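Worksheet: the structure to be examined is printed underneath.
Chain A is the first sequence line, chain B the second, and so forth, proteins listed ahead of strands; every chain is numbered from 1. The model shown is predicted, which means the values in this text are computed figures rather than measured ones.
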There are 2 protein chains.
Amino acid sequence: MAIDKSEIVRKLVPVFRHYGYEGATLSRISKATELGRASLYHHFPAGKQGMAQAVLTYLGEWFDATILDPLQSDKEPVERLKAMSDSLNQFYNHGQDSCILSAFSWGEGHDLFHAQVQQALKTWVDRLTQVLIEADLSAALARQRAEDAVIQIQGALVLTRGLNSTAPFERILMQLPDELLKLA
Amino acid sequence: MAIDKSEIVRKLVPVFRHYGYEGATLSRISKATELGRASLYHHFPAGKQGMAQAVLTYLGEWFDATILDPLQSDKEPVERLKAMSDSLNQFYNHGQDSCILSAFSWGEGHDLFHAQVQQALKTWVDRLTQVLIEADLSAALARQRAEDAVIQIQGALVLTRGLNSTAPFERILMQLPDELLKLA
DNA sequence: GTCTATATAGGGATAGAC
DNA sequence: GTCTATCCCTATATAGAC
């Protein structure tokens, strides 16, 4: 019978997020999914790379639906940005879970997935830029602020894991909407 | 005869920075240093972990001497911060080289070096806080801005590698001094 | 201080029975 | 769809000659 594939992928996610691509060994994956090697290769004929791709796709869809699409709603810009902060806090578990885009930016993971990582980051910045333009910021300033937003989120994730405290991440998220919209 | 140990460590640095701890295999290390396995273990009896520790110590000393100590000079705060930006641009090669602190924050690297990573980040934030207090910011605001600075630098490194462009990193560094000192 | 050879474990991946 | 067994390769690490 057709098993719930996305159920497996959901169990794959934390392994790749925590260990990165090269650190996500078949042993760790097997343990986390409670599936033997043969089963894993049955579901993912492309092997480990296929599993990583499935994780990337799964999280990408979650991100699109939960973070990016609401940025295009018809609510006020400030409301859309607040909604993004709330969803990001969930998505990154208060900053305790790392971003797959940075987890895949080392060694072999970088070689394999750089194009997709780049595309995801660009899309995120583009969508944010659009919201800020709708809030009457100049195109140039909007793009700069959008970039700043992504920078602050990614940096806060690094600091939060490094300092072992969720405080920096949650503070950044809270300040973000007003800071992005403030007058130059 | 005593060989120049730090010469070897210098060659070790880019390997651990690029691949992280688990991705820095003996093969890659051997290739980068042009030393055979036996030679590597002769110089580093503690093996790979010892090599990683040597890299961490080496970069830590460079960072202390080049970034942190000048923050305590008797120049004007704004001048000290500008000097930090310049040195960081060198240290991270315009954002193209990653931070060893984030490279060691995955999997086994995290387990082994988290305490040292945490200490290094804390020290950096503390030193910056002190400079901002000397610039007449309140203690609370100074600490928050100091944290923001490290967040922005780390985030810009992520974005710069992800987008394959040095622009975000260099822009952040350029804006940093004035932004940290601006009135609330 | 570096070489060759080797030990032992674990890596990713596959075959065939069930 | 999962199991056991196995393949080949690479991982870290060490021993002993030179």
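- For the pair A:Lys31 NZ and C:dG10 P, the interatomic distance rounds to 12 Å; values are reported in whole Å.
- Rounded to whole Å, atom C1' of C:dA9 lies 15 Å from atom CG of A:Leu26.
- Residue A:His42 places no side-chain N or O under 4.0 Å from the OP1 or OP2 atom of D:dC3.
- Neither OP1 nor OP2 of D:dT10 sits under 4.0 Å from any side-chain N or O of B:Thr25.
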### Stepwise salt bridge (charged side-chain N to carboxylate O under 4.0 Å, His left out) test for A:Arg161 and A:Asp97
CA-CA 8 Å; A:Arg161 275 180 303 136; A:Asp97 292 351; over 6 Å; no
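- The nearest whole Å value for the distance from the CD atom in A:Gln49 to the P atom in C:dA13 is 8 Å.
- At a threshold of 4.0 angstrom between heavy atoms, the contacts of B:Ala24 are confined to the sugar-phosphate backbone, with no base atom among them.
- Counting only distance, with no hydrogens or angles, the side chain of A:Lys11 and the backbone of A:Glu34 share no donor-acceptor pair below 3.5 Å.
- Atom CZ of B:Arg28 and atom P of D:dA11 are 8 Å apart (whole Å).
- With rounding to whole Å, A:Glu7 atom CD is found 14 Å from D:dG1 atom P.
- Between B:Arg171 and A:Asp148 there is a salt bridge, since at least one side-chain N of the basic residue sits less than 4.0 Å from a carboxylate O of the acidic one.
- Geometric assessment of A:Lys5 against the ring of A:Phe44 yields a positive cation-pi assignment under the 6.0 Å and 45° thresholds.
- Taking atom CD1 on B:Ile8 and atom P on C:dT2, their separation rounds to 7 Å, with Å as the unit.
- For C:dA13, the OP1/OP2 oxygens have a side-chain nitrogen or oxygen of A:Tyr41 closer than 4.0 Å.
- When each of C:dC3, C:dT2, D:dT12 is scored by its nearest atom to the side-chain atoms of B:Ala38, the top-ranked nucleotide is C:dC3.
- If you take CD1 of B:Ile29 and C1' of D:dA13, they are 13 Å apart, rounded to a whole angstrom.
- In the set C:dT2, C:dG11, D:dG1, the nucleotide with an atom closest to the side chain of A:Arg37 is C:dG11.
- For the pair A:Tyr21 OH and C:dG11 P, the interatomic distance rounds to 14 Å; values are reported in whole Å.
- Salt-bridge formation is not detected for the pair B:Arg10/B:Asp4: no Lys NZ or Arg NE/NH1/NH2 atom is positioned less than 4.0 Å from an Asp or Glu carboxylate oxygen.
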